[in-house]
Amino acid sequence: MRLGRGGNSPRGRDLGSNEERPDMPSYHPQRIEPKWQAYWERHKTFRAPDAPTSKSKLYILDMFPYPSGAGLHVGHPEGYTATDILCRYQRMRGRDVLHPMGWDAFGLPAEQYAIKTGTHPRETTRANVDTFRRQIKALGFSYDWDREVDTTDPGYYKWTQWIFLQLFDTWYDPDYEWVDPSGAARVGKGRPIAELPIPEDATDADAYRDSKRLAYRAEVPVNWCPELGTVLSNEEVVDGRSEVGGHPVVRTPLKQWMLRITAYADRLIDDLEDLNWSRAIKDMQRNWIGRSEGAEVDFAVEGNAASIRVYTTRPDTLFGATYLVLAPENPLVDAIATPECARGVAGYRDAAARKSDFDRAELSKTKTGVFTGAYAVNPVNGARVPIWSADYVLMGYGTGAIMAVPGHDERDFEFATAFGLPITRVVAARVEDAGLPLDAAESAYGVAVNSRNDSIALDGLPTAEAKSAITSWLEARGLGKKTVQTKLRDWLFSRQRYWGEPFPIVLDENDRAHAVPESELPVVLPELADFKPSGRPEPPLGKAADWVRYSPTLRRETNTMPQWAGSCWYFLRYLDPKNDARPWSRELERLWMPVDLYVGGAEHAVLHLLYSRFWHKVLFDRGEVSTPEPFQRLINQGMILGEVEYTGFRDSGGAWVSAEHARGADESLTRVKLEEEDVVKKGEGFVLASEPAVRVDARAHKMSKSRGNVINPDAVIAEYGADSLRLYEMFMGPLEAVKPWSMKGVEGVARFLGRAWRLVIDHDAEEVQLDDRVRDVELTTEQAKLVARTVAAVTDDFEAMRFNTSISRLMEFVNAFQGFETRPKRALETFTLLLAPLAPHVAEEMWEALGHGATLAYEPWPSFDPALLKDDEVEVPVQVNGKLRARVVVPADAAADAIEAAAKADERVAQWLVGKTIRKTVVVPGKLVNFVVS
RNA sequence: GCCGAAGUGGCGGAAUGGCAGACGCGCCGGACUCAAAAUCCGGUGGGGUAACACCCGUGUGGGUUCAAGUCCCACCUUCGGUACCA
């Protein structure tokens, strides 16, 4: 697109596009951008120092991408641009900046592709990485490419395996008292397994040790996904379906590797406190960990030696427990079921097992269950309570058994109502309400009622006090104890897939696990021709028979690690990416860590961030890293949606249906995409221009291939340039907000860059040269003030990461400077430096034209004289009764009474004051005057 | 249901408790051009006026304050997360 002056050009008439005129000196990103990208690469401009000097270090990290086959989408450059701006700004402020990039390249899609086409995942991955690297480089980000890491590189996953061995070699001692490197006293530590005390009654010391490791194997009910041919972690299962692909997941018991993340649950919650993360993300992590305090209570079973232990957060309601419920999978079910009921109970359990988690969640609207025929005894009042089995109780949480208090728990109420079980009140708002009937569960706190026996009376106690009173009573009698539970379970860490890190583990004839010696790392992924999953839980690596046979008595573990493994520690490898002897140098870790700013999508709020923090804490306990938390500050960029779409609805007869009647997935309606000119705003929403009674849907949707609203960064760069793309992504709005894309908006910022360019460059000349109006002269006072204000505002905005407003400030500068016939070079140099972090290519080109020989990347950030921010005179708004009535101009340093006098002297103000009494006068010097009159 | 975030022109958005709507898009008018594009200049919340004046206006309803988009209370809507976790 030609931006020059058409027919006046010495090159003659309308000779079309830049493609035909590559020497055009008008703003031409396609020429400028590759030039400076090549310059930066050749000069290694953004190479970070190996070690930072003194305290000026800054580690700014992007979440590294999974290089998918689809290439970069516009969501990636959003966060990457923000961090790049900050890095470029901070380098100009003299900080030592570490800003690396790499690839999270293990994962299912490459393997799925291999199954379909036979292409080795390594090939697919390499091609995808190349595409991503090219696309990211085309955006001009200032990464230190010498630190690039790839999780699938054996030189990298050697150390992922090494960290796994640290986990394997560690047990958690919750009572260990120690002092951490910062001098803080701590309780609880991951310690070497060699330090584990073996109890005297342990018959098998090795088995005992294995049961205490942070990485251990266990036969557990897992989320098996037949479609994907692998098990999945709890975090990877959403609504009973795989997070990836939405395939059904069933529960089946399997021997799997687990990581004991639950040992760190308290620290993972407590240490959130000091992190500069958004409240939303901290809450998500806390909720996921789901710590709750309560009590375990034992119920004796009538005519049976067994007793049932339940977990409750409301021990204060124990007197209201009118029945017990066991999870169908609870082994006690069979032990206590009476012969008459055994059949029904077994049938119920089998049916529950056959249901996928998805069905179980879906069909949960109505509660199901079966009576076991057995009775337990309520320990506080001796009441005979029936024992049921129902799938609304989960085996995996607490003890897999509950005491049901239908009066004060919604689920229990529903179940009791369905099966005609008794409901009693044991909590009320006031003691006098003890006799009030219950027509719904009342779970709110209040005071205990109807809760006394011969040795304890809770009646009248507020809930919190009742809880501790009854808990002490139970503890004193050995009937129960205070307990803490978490929703978080141990992390299921093995996958039955090929494209992942092999475990550095061999199994002996007794199926006992042993660490592969560190000297043998990495355990390299064997070659394989056939990647097809068997449909049974046997990993594909089993097919590599020679590889599996480690020795006559030892075979290799054939599971692989989940995709999250590599991303748990990649930020540490960046510090020292070429080190063969260690995963990272302890010295460099101490100097660079923690990450000062981490930017990425909120979709990783629980998975990556929780896993990563867990590993880091283990490494911290083992003395491998110096900080308990890896990411000091976290910012989640908001999603970028597609362009706003207007959708109308037609019924089968072709008549328009108003949007409010089209809610839900009504199959009989046809969705019609409308153009902007077909609709008009009316009230809260939009309606058809032709039929204003018909409302239409107006909203931006998530970008998706199926919707066809995906914006390809390559296309944007080809048309408008990387600088415009970067600028637009920042100009859209606050970094953390969800924002709809608009191509018109990209054009807007591209126009701004064109104006900025023409402010400096003579766009009629053959070569890139300064415009005649750019002169080496002093700034006028007006210009100096404008420059100072711009520097001050942009600096403030950068510090606060308000990139949208910083761009506005630069636009205002250009709009004002366009009007000056003479443009002092100094002013334009300052402007160019301010623009550089945002639009580095065009800034470099302008900097060169302004007569500088080298990159501006390390030029000192512009400063300004604060005196220039003050004006001699200010305009002060004058209000009467809070309403703006006039503005008066007064000296900036005018005293309150002088301003008041000036305000009163104003003709318009006087009109509003005539005949009134001034009750009060508020004068904020330099800001405002308000007369309160009546 | 629960937790979190957000509701401001036609649109994206801006406003340490102190002039609501900066900046951009779009639109309207003008300059340049044979014409268009590009570029430049001006205007643009609604009502009202010949033009001023003036009135109304930040999801809704209350409150605090000389002054509220901003603080407090209640509610509505949208988005994100989560959901038998006892």
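So you know, we letter chains A, B, ... as the sequences are listed, proteins then strands, and number each from 1.
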Nucleotide [N], atom [atom2] - distance to [atom1] of [X] in whole Å:
X: A/Gln879; N: B/rU65; atom1: CD; atom2: P; value: 17 Å
X: A/Phe813; N: B/rC23; atom1: CZ; atom2: P; value: 16 Å
X: A/Glu675; N: B/rG26; atom1: CD; atom2: P; value: 16 Å
X: A/Asp796; N: B/rA14; atom1: CG; atom2: P; value: 16 Å
X: A/Glu78; N: B/rG12; atom1: CD; atom2: C1'; value: 13 Å

Counting only side-chain N and O atoms of [X], is one of them less than 4.0 Å from OP1 or OP2 of [N]?
X: A/Gln818; N: B/rC40; result: yes
X: A/Lys744; N: B/rC25; result: no
X: A/Trp912; N: B/rC54; result: yes
X: A/Asn815; N: B/rG24; result: yes
X: A/Arg885; N: B/rC55; result: yes
X: A/Arg758; N: B/rC40; result: yes
X: A/Arg887; N: B/rC19; result: no
X: A/Asn804; N: B/rA14; result: yes
X: A/Lys883; N: B/rC56; result: yes
X: A/Tyr392; N: B/rA86; result: no

Please classify the nucleic acid contact of [X] as base, sugar-phosphate, or nothing, using heavy-atom distances under 4.0 Å.
X: A/Asn930; result: base
X: A/Arg809; result: nothing
X: A/Val922; result: base
X: A/Gly748; result: sugar-phosphate
X: A/Arg699; result: sugar-phosphate
X: A/Ser292; result: sugar-phosphate
X: A/Val932; result: sugar-phosphate
X: A/Thr312; result: sugar-phosphate
X: A/Arg751; result: sugar-phosphate

Can you say whether the rings of A/Phe831 and A/Phe752 are parallel (under 30°), tilted (30 to 60°) or perpendicular (over 60°)?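 Perpendicular.
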Relative to the ring of A/His608, is the ring of A/His604 parallel (under 30°), tilted (30 to 60°) or perpendicular (over 60°)?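 Rings of A/His604 and A/His608: perpendicular, as their planes differ by over 60°.
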Under 3.5 Å: donor-acceptor pair, side chain of A/Asp678, backbone of A/Leu688: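 Pair absent, no side-chain N/O of A/Asp678 close to backbone of A/Leu688.
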Flag, side chain of A/Asp797 to backbone of A/Ser806, donor-acceptor distance under 3.5 Å: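 Indeed, once roles are kept as given, a pair shorter than 3.5 Å links the two residues.
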Do A/Ser292 and A/Tyr397 get their side chains close enough for a donor-acceptor pair, meaning under 3.5 Å?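 Yes, a side-chain donor-acceptor pair sits under 3.5 Å.
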Give a yes-or-no answer on whether the side chains of A/Ser934 and A/Arg919 include a donor-acceptor pair shorter than 3.5 Å.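 Judged by distance alone, the side chains do pair up.
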Which sits closer to the 5' end of RNA chain B, A/Glu747 or A/Gly396, going by the nucleotide each is nearest to?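 In this pair, the answer is A/Glu747.
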When you match A/Gly819 and A/Met284 each to their closest nucleotide on RNA chain B, which lands nearer the 5' end?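 Its nearest nucleotide being more 5', the pick is A/Gly819.
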Taking the side chain of [X] as heavy atoms from C-beta outward, which of [options] is closest to it?
X: A/Leu394; options: B/rA86, B/rC40, B/rA15; value: B/rA86
X: A/Trp288; options: B/rU82, B/rA15, B/rC40; value: B/rU82
X: A/Met811; options: B/rG24, B/rU16, B/rA14; value: B/rG24
X: A/Phe686; options: B/rU16, B/rC66, B/rC11; value: B/rC11

Surrounding CD of A/Glu812 (heavy atoms of other residues, nucleotides or ligands, distance under 6.0 Å), is the total greater than 12?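 Counting other residues, nucleotides and ligands, CD of A/Glu812 exceeds 12 neighbours.
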Ignoring hydrogens and angles, does a donor from either the side chain of A/Lys681 or the base of B/rC11 sit under 3.5 Å from an acceptor on the other?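 Check fails, no donor-acceptor contact within cut-off.
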State the syn/anti category of B/rG62 according to its glycosidic angle, syn meaning within 90° of 0.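 Judged by the O4'-C1' to base torsion, B/rG62 sits in anti, the angle falling more than 90° away from 0.
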